[in-house]
Protein chains: 2
Amino acid sequence: MRVSLKDVAEHAGVSIKTVSNVVNNYPHVTPAMRARVQEAIDELGYRPNLTARHLRKGRTGIIALAVPELGNPYFAELAGAVIDAAAEHEFTVLLDHTRGDREQEVLVSQGFRANVIDGLILSPLELEDEDLRSRTGDVPLVLLGERQYELPYDHIAIDNVSAARSAVRHLLSRGRSRIAYLGARTDSANRPAHLRLAGWREELTEAGVSAPDELVVPVGGWDRDEGARAMARLLDSGVRPDAVFAYNDLVAIGAMRVLHERGLRVPWDVAVVGFDDIEEGRFGAVTLTTISPDKQAIARMAVASLLRSLSGRTEPGGRELTADFTLVERESTLGRR
Amino acid sequence: MRVSLKDVAEHAGVSIKTVSNVVNNYPHVTPAMRARVQEAIDELGYRPNLTARHLRKGRTGIIALAVPELGNPYFAELAGAVIDAAAEHEFTVLLDHTRGDREQEVLVSQGFRANVIDGLILSPLELEDEDLRSRTGDVPLVLLGERQYELPYDHIAIDNVSAARSAVRHLLSRGRSRIAYLGARTDSANRPAHLRLAGWREELTEAGVSAPDELVVPVGGWDRDEGARAMARLLDSGVRPDAVFAYNDLVAIGAMRVLHERGLRVPWDVAVVGFDDIEEGRFGAVTLTTISPDKQAIARMAVASLLRSLSGRTEPGGRELTADFTLVERESTLGRR
DNA sequence: GTGAAAGCGCTAACAA
DNA sequence: TTGTTAGCGCTTTCAC
């Protein structure tokens, strides 16, 4: 049987309030009383019922994190960082994945476990402004990823254009001039994909290097398989780049696999830069040069933003918070032999 | 302002109970009444307070999953499978990681968010029998991984000895005879590590192949870095295996990286078999042969076990449930040239 | 410093 | 079929 505050109170011969005071470390309790109550607590093995506390306080100490796919190491690593950041404030994390499906994302944004969660961190892939505009839930929300929502929700991003430009600049500095961008997807709302493409184009243009359409390669998704497929299609079409800037590390890894199969050597024949800096890129026959977003910072900022909303700040959200990134140079972009 | 059942009841001019009936799809409500109440619900934008429901029912519909590390793709993929399996029964998953730290594991097993969770799935790395024996919490618990706890908790495992033997048998059939085992760790309670070593030894012995101690390689952890370190140490010590069976895919990948750096070619000079079948192994310059545990089955069984406890079964747990595995052959164990 | 009592929002007996 | 009411276990005024 569960033992409640009342049981402890009776056992100690005091009121419920007093026990509650002890449990909550209320300062104005005489040491003697505290000891007496504590003894009763220990004897009965009392453990507070968090659900009741939640109901009473209207807070649960739980925040939810919804990412497209845990199988994508970037999101898994990010989730780990969020769990840690949340734990620092004694919050626990409820995890869900949306499969990058717009409908799922809408569902989650609307009212995923309302009342059970104090806030929601959502990393959308396909969610549109309008989906959020009609949002009814009152749960604080913060969005991950650079998106231009004109809405009262904070979002945490890195400067994708600038990051893409660094990647391309790095390739140019390595003497590459036919740099393909692997990650175009016209049918997707995914803004980072468009921004990275924009950065690719800007940097090339500014450097006076041509950016022909044939080097803009569409992908069907953001994983290794799709990266491989896209790379194969590009090569099959007879286009021969001397470098590839991929939407993310997974796409880059898929592309590298195909390059390898086709006998093209990375970095000698084709240099490759990814995006995300997942652990996986540090290993493999050719380690992967990549843009490394500061995941810890992103996680911390997201949690902080939620905490801010919870603390009753009335200022509307809608801030655009920017996390840092760095370019991590590895073997996939070493100079030519 | 939050709108409650009472508000809806007043608005519709009915009793709270009636509204509750409608909300919970209680069958015996006249259609007219249902419509009337539904209208009030829609008008006020009523959403049930789950916390209150939880307090009342003593159930939350939340289960917790605690894994060592989300950065390990095996656990990330498993977590995804658990989330899916839980969702099928309308459960949500609270995620935590223990960093493979015994103290953390004990903490989690004792009372992680008690009352908030209906059950706990724990994937322990260092937890000992005694830690569980003194467990006071009353939250249903199921353990992941093969462990011989003589305790009233179900655990889900695959047959590690048998799986290891398949891996070794496969290598033998490929003409390898100096097969190293990368993953010994005497200081760890991690049973699978010991069982896989046992399987390695059994298979070799039975095949009449020598299993010298020099081929049993200790690792300092279960990730890529430690795999790399262990492989480097082995080679530095002058031992030259013609195959490696690694504790898991991460260790295998770390080892392959070092083999590559040292100019040893996989599979030609050294064949490699991993364990876990993480996505990552399907790519890379050399795809990885591995033991593939049925993660979906593990997740489903774990959730089912929890559901069983929740349904009030009185039979003690303590069952040892076994999930299937398969050997997935890839490039890292192709025949010699 | 401690006690009494109200009530968070809901469900489930029990009545009507 | 629908209404009344008593809690689930806790926190929190407000007295004392």
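The chains referred to below are lettered A, B, ... by the order of the sequence lines, with proteins before strands, and numbering in each begins at 1.
Of the candidates D:dC8, C:dG3, C:dT11, C:dT11 carries the atom nearest the B:L5 side chain, counting heavy atoms from C-beta on. Closest to the side chain of A:Y26, out of C:dT11, D:dG3, C:dT2, is C:dT2. For A:H28, counting side-chain heavy atoms from C-beta on, the closest listed nucleotide (D:dT2, C:dC8, C:dG1) is C:dG1. If you check C:dG3, D:dT2, C:dT11 against the side chain of B:K57, the one that comes closest is C:dT11. Residue A:R56 has its side chain nearest to D:dG9 when only D:dG9, C:dC10, C:dG1 are considered.
Applying the 4.0 Å criterion to OP1 and OP2 of D:dT2, one finds that B:T18 has every side-chain N and O outside that range. For D:dC8, neither phosphate oxygen OP1 nor OP2 lies less than 4.0 angstrom from any side-chain nitrogen or oxygen of A:N49. Neither OP1 nor OP2 of C:dC10 sits under 4.0 Å from any side-chain N or O of B:S20. Between A:S15 and C:dG3 there is a side-chain N or O to OP1 or OP2 distance below 4.0 Å. Taking only side-chain nitrogens and oxygens, B:T30 comes nearer than 4.0 Å to OP1 or OP2 of D:dT2.
Salt-bridge annotation for A:D118 and A:K57: absent, with no side-chain N of the basic residue lying under 4.0 Å from a carboxylate O of the acidic one. A salt bridge links B:R102 with B:E130; the closest basic N to acidic carboxylate O contact falls under 4.0 Å.
Closest non-hydrogen pair, A:E320 versus A:H155, comes out as OE1-NE2, 3.4 Å.
We find that CG of B:L55 is positioned 12 Å from P of C:dG9, with the value rounded to whole Å. Atom CD1 of B:I16 and atom C1' of C:dA13 are 15 Å apart (whole Å). Atom CZ in B:R59 sits roughly 24 Å away from atom P in C:dG9 (whole-Å rounding). Rounded to an integer number of Å, the gap from B:L50 CG to C:dT11 C1' is 14 Å. Rounding to whole angstrom units, CG of residue B:N24 and C1' of C:dG9 are separated by 12 Å. As a whole-Å value, the separation of A:K17 NZ from C:dA5 P is 15 Å. If you take NE2 of B:H54 and P of D:dC10, they are 17 Å apart, rounded to a whole angstrom. Rounded to an integer number of Å, the gap from B:R53 CZ to C:dC10 C1' is 8 Å.
Across A:L120, A:L132, A:I121, a single residue satisfies side-chain contact (heavy atoms from CB on, under 4.5 Å) together with A:L143, and that is A:L132.
Residue B:V23 is classed as having no contact, given no heavy-atom separation below 4.0 Å to the nucleic acid.
Mapping B:M33 and A:A52 onto DNA chain D by nearest heavy atom places B:M33 closer to the 5' end of the strand.
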Quick one: do A:L70 and A:L95 satisfy side chain to side chain contact (heavy atoms under 4.5 Å, CB included)? Show the steps, please. CA-CA 9 Å; A:L70 230 34; A:L95 207 70; 3.4 Å; yes

